[in-house]
Amino acid sequence: MKFGRKITTNLYDEWRPFYIDYNLLKRELKSRTTSNTWDDKDERDFTAMLKKELDKVHDFQKQKTAELSRRIRDAEKDVQKLVAQESSSSEPSPTEPSPTQSSDPESHQARPSDYGPDEGSDDDMDDNQSDTSLEDIFHGLEEEVATLVADVHDLALYTKLNITGFLKILKKHDKLTNLPLKPTFIQNYLEERPFYKYNWDALIVKLSKLYDLVRTRGHPVQGDSSAGGSQSAFVRQTTKYWVHPDNLVPLKLAILRHLPVLVFNADKEFEQKDAAITSIYFDNEDLELYLGRLEKTEGAEAIRLRWYGDIDVKTIFVERKTHREDWTGEKSVKARFPIKEHLVNAFLRGEYTMDAELQALVDKGKKTQAEVDSMIQLASEVQYRILTKQLHPVMRTFYNRTAFQLPGDPRVRISLDTELTMVREDNWDGQTRTGDNWRRTDIGIDHPFNQVPAEDKELFKYGVLEVKLQTQFGQEPPKWVTDLVQSHLVEAVPKFSKFIHGCATLLPNRVDLVPFWLPQMETDILKPNTGYLTVERPTKNTPEMQSGILSPLSPMSSVPSYIEPVSEGEDDEEMDLAPARDEYRRTGLPHEDVAAAIAFREKSLKEREHTSQINGSSSTPEEVCDERTPLLKLPQPPGVGRTVSIDPLAPSSAFDERLRERLQANKNAPPRAQDVEVREAVGLDEETLREEERLLVRDWSAPSGKRIAVPVRIEPKVYFANERTFLKWLSFAVLIGSIATTLLNFVPADDPRGLISAALFTLAALLSIAYSAIIFVYRALRLRARSAEGLYYDKYGPTVLCFVLLAALGTNIGLRMADM
């Protein structure tokens, strides 16, 4: 779909006058270039039109963000008034003990009178009516919050659509006029009105606080914001995903529905620096720690220094991550201890120990003696490892983190890292970056670090989502988490590591082994919007939306779904990523619907066969149907326009050439014909086809001169299996040797035939011992090298041994028969 039609289709109708008038600019550009030669006056007039549109977009976004902040503040005040009103109405009499406050929202409801004679009186009825009116007001606030979430989502899409429109029209201008307006306009105008660089974190934090207040009826869950207690040692099950920049705001809003944004200091106004996290990773010139973490060897460590916020913080955390293999029965662990910033260099040089400083935590009552003892041991081990392995600062990672978690409840913790940047910190290659200090002093948290040379930094183009679960054995994760990670918003990348990725990209001359996800960086991970997680505006006719903000579309929902705009650089004609708005036709139907679809398919087959027999004509190759050919074509519900039907019976591998040719043939067809022909029940639509082509890529290859690391699990039982196999061979060789020894002892010395047989059995025994010993040593070395390639499957040794034994037995029998 062309961008002019896409922006017209996908814009929010109430804001229509404030979008970039892309079609007007495009018509003006074409009319001026076709009617006459483009001159300086045309250039000035067109630039003035662009500036006018830019001012309109910039001013509207500025106005809407201020309005949203004001509406959130007003809603917070309303919640506080309601809570105060509820508290005053539920205050106990002076003679009654004050009830203990509970974090359960239901416990804060006004309770009926405990007086026996007055129970069920008119006063009690008035209290119930008051509770009902309060609940109605809270329901109204829920609708207001849902509207605010939709406004934030639409404003983010508004920003993306408009910046894409400006970039596309500038690209079209440069192509038609051969004048480079795009670089100058971006530098002189767009950079002065950077509406597309707006950071949504502050607004989302405020919205999260409001949503949590309304959801808990003004009594949010209280607890330790540090994930439920001490973080000096903790174990979590973690899965990681990449998030395309176009999906960052929708993903945050999707998580917002279930978890609030974790704020460590709720009384402080949120600042952007509060989300900044910086880490300095250590390694030696052999990149020993990098290779250990990459190959997942038992006990592989990563040592880093981390701080939160700006560079002026005084407390630095020294952390050590240790990888544990599954066969050990232990989990990978991260442990850390705090240190003052001015003591870091002395600690790294071995001139200062942490014993006294950490012991002071016990005296202040901040830590127990057992916790301090483990931290002192950790500090000693980290210091010893740094000195003995000659570890130095190698790489810095910076990102802004948005964490979602109930305070004090570590069972589900989700973090989203954006603006991830890796920067070199080493002094190798003849360049001084950190000098004698433990970190660079020329940069702070000023992303994207323009003062750093391009070869010294890596700007990661995706967000990194981490889902951390702490569930009991056998307990399933929450369903909303499962639905979220299976949606189009994320791309699973197991075991992704910022440290490994930074070393692989910033140190190409020192790294030969690269992670498996590195070739995937060249593939666009943006998936078509399935419409499953859709922002909806609450309406009076849809009560199920009052308590939900993002939910699956109902079968007959008339609420349009909001889709992501096209990214810059993609061709207009080939970009058609609109979601299937008839959500009830997507895959995953109930069993009864699938059974009905199968019956309809069989009926359609019989009718088609009957019709072809009557007409006396056979089907063309395009009309030949088999088990894989989807035939289901559901009737359109009234009021639904352009839709995309998906056959639930079509397998995911239904990628036949007939569909490819059909889509290609319909590219130049009229739009109406395309809607009728292409979007019939073919099992996969064009956008799903493009997604399948992306998912079916199998020919990834490592960069030139590199190898992709594939972690290999080597358990102790593998070594025992190798030894056991060697002992089996030895036992067999001993048996054959016993036969040879018996022949030599009991055959007369003048019997040449017996001596020949004994020699053959002795040869077989010696060959068996020598071969098994060589294979045992070879396999042991390959296992020690963690190599999955080797003679682990021996298809020649047993066969050769059988032939040698057969030859020895045959020779013995033949000689004895000749002697008879």
Side-chain angles (χ1 to χ4, degrees), residues 65 69 194 197-206 208-209 224-227 231-232 248 252 261-282 302-319 334 336-348 357 366 393-405 407 413 415-426 432-453 456-460 463-464 466 498-499 502 506:
T65 52
S69 298
K197 293 183 179 180
Y198 182 79
N199 194 302
W200 302 95
D201 288 347
L203 204 59
I204 288 177
V205 169
K206 296 178 183 178
S208 169
K209 182 180 178 182
D224 184 10
S225 60
S226 62
Q231 291 192 23
S232 61
L248 290 176
K252 291 179 180 180
V261 175
L262 183 65
V263 180
F264 288 91
N265 188 358
D267 299 330
K268 177 180 176 295
E269 186 71 18
F270 176 80
E271 299 180 48
Q272 188 56 44
K273 67 178 182 179
D274 297 335
I277 299 179
T278 311
S279 302
I280 305 294
Y281 287 87
F282 284 69
I303 297 177
R304 68 189 181 195
L305 272 63
R306 168 173 289 190
W307 69 93
Y308 302 87
D310 211 339
I311 57 174
D312 56 354
V313 296
K314 303 301 181 183
T315 302
I316 309 297
F317 291 93
V318 181
E319 298 184 351
K334 178 173 69 174
R336 68 179 184 177
F337 63 90
I339 185 175
K340 298 300 181 182
E341 192 275 333
H342 66 279
L343 299 174
V344 172
N345 285 324
F347 174 79
L348 296 178
E357 184 174 349
K366 296 182 179 180
V394 171
M395 189 196 62
R396 169 186 302 211
T397 61
F398 166 83
Y399 47 87
N400 289 311
R401 169 165 291 183
T402 305
F404 300 87
Q405 178 189 347
R413 185 175 191 269
S415 62
L416 180 59
D417 300 336
T418 56
E419 298 180 346
L420 173 59
T421 307
M422 296 85 164
V423 181
R424 290 187 65 171
E425 295 276 334
D426 59 88
T432 302
R433 298 179 178 90
T434 58
D436 296 330
N437 198 26
W438 63 277
R439 64 179 175 182
R440 297 177 68 138
T441 58
D442 58 336
I443 59 176
I445 59 173
D446 47 339
H447 181 272
F449 308 106
N450 295 322
Q451 67 272 34
V452 178
D456 281 0
K457 64 180 178 180
E458 170 72 12
L459 300 177
F460 195 73
V464 179
E466 283 189 65
K498 304 178 182 72
F499 168 57
L506 294 176

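Hydrogens, waters and symmetry mates play no part in the numbers below; they use all other heavy atoms, side chains included.
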Original post:
Less than 4.5 Å apart, any side-chain heavy atom of P338 and any of I316?
Top reply: no
Original post:
For K314, what residues pass the salt bridge (charged side-chain N to carboxylate O under 4.0 Å, His left out) criterion, not counting sequence neighbours?
Top reply: none
**OP:** Mind checking ring pair (Phe, Tyr, Trp, His ring centres under 6.0 Å) for F347 and listing every partner two or more places apart, or none if nothing turns up?
**Re:** F337
**OP:** Name all residues meeting the side chain to side chain donor-acceptor pair (under 3.5 Å) criterion together with K498; count only those two or more places apart in sequence or in a different chain, and write none if there are none.
**Re:** D417
Original post:
With side chains defined as the heavy atoms from C-beta onward, is the minimum distance between I277 and Y308 less than 4.5 Å?
Top reply: yes
Original post:
Is the shortest heavy-atom distance from the side chain of V464 to the side chain of L416 under 4.5 Å?
Top reply: no
**OP:** Kindly write out the residues that satisfy ring pair (Phe, Tyr, Trp, His ring centres under 6.0 Å) with Y399, not counting sequence neighbours, or none if the list is empty.
**Re:** none
Subject >> Student check: side-chain heavy atoms of T278 and R396 closer than 4.5 Å >> reply: yes
Subject >> Non-neighbouring partners of D310 that pass side chain to side chain donor-acceptor pair (under 3.5 Å), sequence neighbours left out >> reply: none
Original post:
So do K252 and D201 actually touch side chain to side chain, heavy atoms under 4.5 Å?
Top reply: yes
Original post:
Is the backbone of Q272 close enough, under 3.5 Å, to the side chain of D274 for a donor and an acceptor to pair up by distance?
Top reply: no
**OP:** Report the residues that fulfil salt bridge (charged side-chain N to carboxylate O under 4.0 Å, His left out) with E357, sequence neighbours left out, ordered by chain and then residue number.
**Re:** none
**OP:** Would you indicate whether the side-chain heavy atoms of K206 and S69 approach each other to under 4.5 Å?
**Re:** yes
Subject >> Contacts of E458 that satisfy side chain to side chain donor-acceptor pair (under 3.5 Å) - sequence neighbours left out >> reply: none
**OP:** Would you name the heavy atoms of R413 and A403 that are closest together and state the gap between them?
**Re:** NH2-CB, 3.9 Å
**OP:** Drop me the distance from T441's OG1 to R439's CZ, to the nearest 0.5 angstrom.
**Re:** 9.0 Å
Subject >> Cationic tip of R306 above F317 ring, under 6.0 Å, 45° of axis >> reply: no
Original post:
With sequence neighbours left out, what residues match D426 under side chain to side chain donor-acceptor pair (under 3.5 Å)?
Top reply: R424, R433
Subject >> Contacts of D436 that satisfy salt bridge (charged side-chain N to carboxylate O under 4.0 Å, His left out) - sequence neighbours left out >> reply: none
**OP:** Please check if the side chain of E319 supplies one atom and the backbone of K334 the other of a donor-acceptor pair under 3.5 Å.
**Re:** no
**OP:** Please list, chain by chain and in numerical order, all residues satisfying side chain to side chain contact (heavy atoms under 4.5 Å, CB included) with V205, sequence neighbours excluded.
**Re:** V261, V263, F270
**OP:** Carefully, step by step, assess V423 and I443 under the rule side chain to side chain contact (heavy atoms under 4.5 Å, CB included).
**Re:** CA-CA 10 Å; V423 181; I443 59 176; 4.0 Å; yes
Subject >> Nearest-0.5 Å distance that lies between atom CH2 in W438 and atom CG in L343 >> reply: 11.5 Å
**OP:** Walk me through it: do E419 and R401 pass the test salt bridge (Lys or Arg N to Asp or Glu O under 4.0 Å)?
**Re:** CA-CA 9 Å; E419 298 180 346; R401 169 165 291 183; over 6 Å; no
Subject >> M422 and L420, any side-chain heavy atoms less than 4.5 Å apart >> reply: yes
Original post:
Between R440 and D442, what is the shortest heavy-atom contact and its length?
Top reply: NH2-OD2, 2.9 Å
Original post:
If you measure from OG1 on T315 to CH2 on W307, what distance do you get to the nearest 0.5 Å?
Top reply: 13.0 Å
Original post:
Do I280 and M395 come close enough that some side-chain heavy atom pair is under 4.5 Å?
Top reply: no
**OP:** Can you measure from OG1 (T421) to CZ (F449) and round to the nearest 0.5 angstrom?
**Re:** 5.0 Å
Subject >> Sequence-distant partners of F282, ring pair (Phe, Tyr, Trp, His ring centres under 6.0 Å), two or more places apart >> reply: none
Original post:
Where do I445 and G309 come nearest, in terms of heavy atoms and distance?
Top reply: CG2-O, 3.7 Å
Original post:
Please walk me through it: do F499 and R304 pass side chain to side chain contact (heavy atoms under 4.5 Å, CB included)?
Top reply: CA-CA 10 Å; F499 168 57; R304 68 189 181 195; over 6 Å; no
Subject >> Closest contact, heavy atoms only, E425 versus T434 >> reply: O-CG2, 2.7 Å
**OP:** Using modelled atom types only, decide if a donor and an acceptor are shared between the side chain of S279 and the backbone of L305 within a distance under 3.5 Å.
**Re:** no
